[in-house]
Colleague: 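This structure is in structure tokens; I'll ask about it shortly.
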Amino acid sequence: MKRTIVVTGAASGIGEATAAVLERQGDTVIRVDLEKGDVTGDLGDRDAIVQVAQKIADLSGGRIDGLVANAGVSAPTPLSPKINYIGTVLLIEALRPLLAESDAPRISVTTSAATLQGNDEKLVDLLLSGDAEAALARGAELASQGPAVGYANYSSSKRAISRWIRRVAPTDDYAGAGIGINGVGPGQVRTAMTKELFASEEGRKQAATAMPTPFNGPADAEDIAAVHAFLVSEANSRMTGQIIFVDGGFDAVSRGDDIWGTA
């Protein structure tokens, strides 16, 4: 059955690949991006998000079947929590009424295997508490200490959105309304953003040290897109609240065989 799917960050990388996969299988895709797409807007700006949601409602006739919330940045600054968590949650919530009109509504969010790396617990907690102002202030504090410490803006924003997904998935607003929501956690991915990194032997070694990928090495954007496409399909009738690591084995390397602890 033909479905209408919104894909954010659709002008490049994983978003562009996901939109292409969905269209090849016959779905209608509404592309959202900062400057190039069916709908444009800054997903780090609250007012712009309201406008983006309204444009999506107008284009879709008030009903969408899926959302791939892929837009994000990897900046070691407060821009990462602003877009990767705050903006993502605001857009998902704004589009939830449109999803509720579908017979099989599904959401898939691009998170990251960076959730398994160092995080700033204070920033994660502030984001999950909904205190955006304090969270961005904490992000600025981290960024002021240089890019190595500031990286926690990125990893913490992805940790927070992953926890938010699991928190809301079984609630009445999501599971109770038939809305499945999951996350996809890419590891190393060859995109325009990482082209320079993978172009040199030194860069490849650096990436492999930071995030080992023993199974088939770094992914292509299409590899991540295929998982998103399944998660927003009707075929995904039971999975919700899951973070699916598409990371070449980094999750298994970093966490080992026991992920059932309470820590």
Side-chain angles (χ1 to χ4, degrees), residues 6 8-9 43-44 46 49 53 64-73 78 80-100 102 104-139 142 152-186 224 227-228 230-232 236-247 251 254-255 258-263:
V6 174
T8 70
L43 298 184
R46 289 174 180 269
I49 289 169
I64 61 175
D65 300 293
L67 166 64
V68 178
N70 166 73
V73 298
S80 283
K82 181 182 281 190
I83 294 178
N84 299 348
Y85 182 87
I86 298 168
T88 297
V89 169
L90 286 172
L91 184 63
I92 291 172
E93 288 287 279
L95 295 180
R96 189 156 52 84
L98 306 186
L99 286 157
S102 172
R106 306 286 183 262
I107 302 168
S108 185
V109 181
T110 298
T111 173
S112 174
T115 61
L116 304 172
Q117 296 176 320
N119 287 263
D120 183 74
E121 187 175 347
K122 182 176 180 180
L123 176 53
V124 173
D125 288 344
L126 286 169
L127 288 169
L128 287 168
S129 74
D131 193 340
E133 184 177 348
L136 295 177
R138 176 59 178 169
L142 295 169
N153 274 289
Y154 174 68
S155 58
S156 300
S157 68
K158 293 298 191 178
R159 171 72 67 91
I161 196 63
S162 299
R163 287 182 58 186
W164 182 82
I165 289 166
R166 290 186 59 79
R167 182 174 292 185
V168 303
T171 65
D172 289 343
D173 286 342
Y174 287 85
I179 302 173
I181 179 168
N182 296 282
V184 178
I224 316 303
V227 181
H228 275 310
F230 168 72
L231 290 174
V232 296
N236 173 25
S237 61
R238 292 296 181 273
M239 289 173 59
T240 195
Q242 302 302 305
I243 309 301
I244 312 299
F245 289 105
V246 187
D247 61 1
D251 174 31
S254 62
R255 291 202 294 175
D258 187 357
I259 59 170
W260 291 273
T262 56

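Predicted model, so just to flag it, every value in this text is computed and none were measured. Position 1 is the first residue of the sequence; numbering continues from there.
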Colleague: Can you check whether V68's main-chain N or O pairs, donor with acceptor, with S108's side chain at less than 3.5 Å?
Modeller: no
Colleague: Which side-chain hydrogen bond (donor to acceptor under 3.5 Å, both in side chains) pairs, counting each pair once, include a residue from residues 80-90, with sequence neighbours left out?
Modeller: N84-S157
Colleague: Out of curiosity, L128 CG to L123 CG, how far, rounded to the nearest 0.5 Å?
Modeller: 9.5 Å
Colleague: side-chain contact (heavy atoms from CB on, under 4.5 Å) for W164 and I181? Distances and angles first, verdict last.
Modeller: CA-CA 10 Å; W164 182 82; I181 179 168; 3.8 Å; yes
Colleague: For the CZ atom on R46, are there more than 12 heavy atoms of other groups (residues, nucleotides or ligands in this structure) within a distance under 6.0 Å?
Modeller: no
Colleague: Roughly how far apart are L95 CG and L90 CG, rounded to 0.5 Å?
Modeller: 11.0 Å
Colleague: Looking only at heavy atoms, which two atoms of S102 and I64 are closest? And how far apart?
Modeller: CB-O, 3.4 Å
Colleague: Would you give the length of the straight line joining atom CD of Q242 to atom CG of N182, rounded to the nearest 0.5 angstrom?
Modeller: 6.5 Å
Colleague: Could you go through the side-chain contact (heavy atoms from CB on, under 4.5 Å) check for R166 and R163 one step at a time?
Modeller: CA-CA 5 Å; R166 290 186 59 79; R163 287 182 58 186; 5.8 Å; no
Colleague: Within 45° of the six-membered ring axis of F230 and under 6.0 Å from that ring's centre, is NZ or CZ of R106 located there?
Modeller: no
Colleague: If you compare all heavy atoms of L136 against all heavy atoms of P81, which two are closest, and at what distance to 0.1 Å?
Modeller: CD2-CG, 4.3 Å
Colleague: When you measure from the side chain of S155 to the backbone of A114, do you find a donor-acceptor pair of N or O atoms at a distance under 3.5 Å?
Modeller: no
Colleague: Can you tell me which residue pairs pass the side-chain hydrogen bond (donor to acceptor under 3.5 Å, both in side chains) test with a partner in residues 117-131, sequence neighbours excluded?
Modeller: Q117-Y151, D120-R138
Colleague: Evaluate the side-chain proximity of V109 to I92: yes if any heavy-atom separation is below 4.5 Å, no if none is.
Modeller: yes
Colleague: Which pair of heavy atoms, one from T115 and one from S162, lies closest together, and at what distance?
Modeller: CG2-OG, 3.6 Å
Colleague: Where is the tightest heavy-atom contact between G183 and L231, given as atom of each residue plus distance?
Modeller: O-CD1, 4.5 Å
Colleague: So, taking the atom named CG in L43 and the one named CG in N70, what distance separates them when rounded to the nearest 0.5 Å?
Modeller: 10.5 Å
Colleague: Please find the pair of heavy atoms, one from Y154 and one from V73, that lie closest to each other, and give the distance.
Modeller: CD1-O, 3.2 Å
Colleague: Please answer whether the main-chain N or O of P105 pairs with a side-chain N or O of D65 as donor and acceptor at a distance below 3.5 Å.
Modeller: no
Colleague: State whether the side chain of S156 and the backbone N or O of N153 hold a donor-acceptor pair below 3.5 Å, judged by distance alone.
Modeller: no
Colleague: If you round to the nearest 0.5 Å, how far is OG1 of T240 from CD1 of I107?
Modeller: 8.5 Å
Colleague: Go through L116 and F245 one step at a time and tell me if the side-chain contact (heavy atoms from CB on, under 4.5 Å) criterion holds.
Modeller: CA-CA 10 Å; L116 304 172; F245 289 105; 3.9 Å; yes
Colleague: Please give me the minimum heavy-atom distance between D173 and A177, naming the atom from each residue.
Modeller: O-CB, 3.5 Å
Colleague: Roughly how far, to the nearest 0.5 Å, is the CD1 atom of I243 from the CZ atom of R159?
Modeller: 11.0 Å
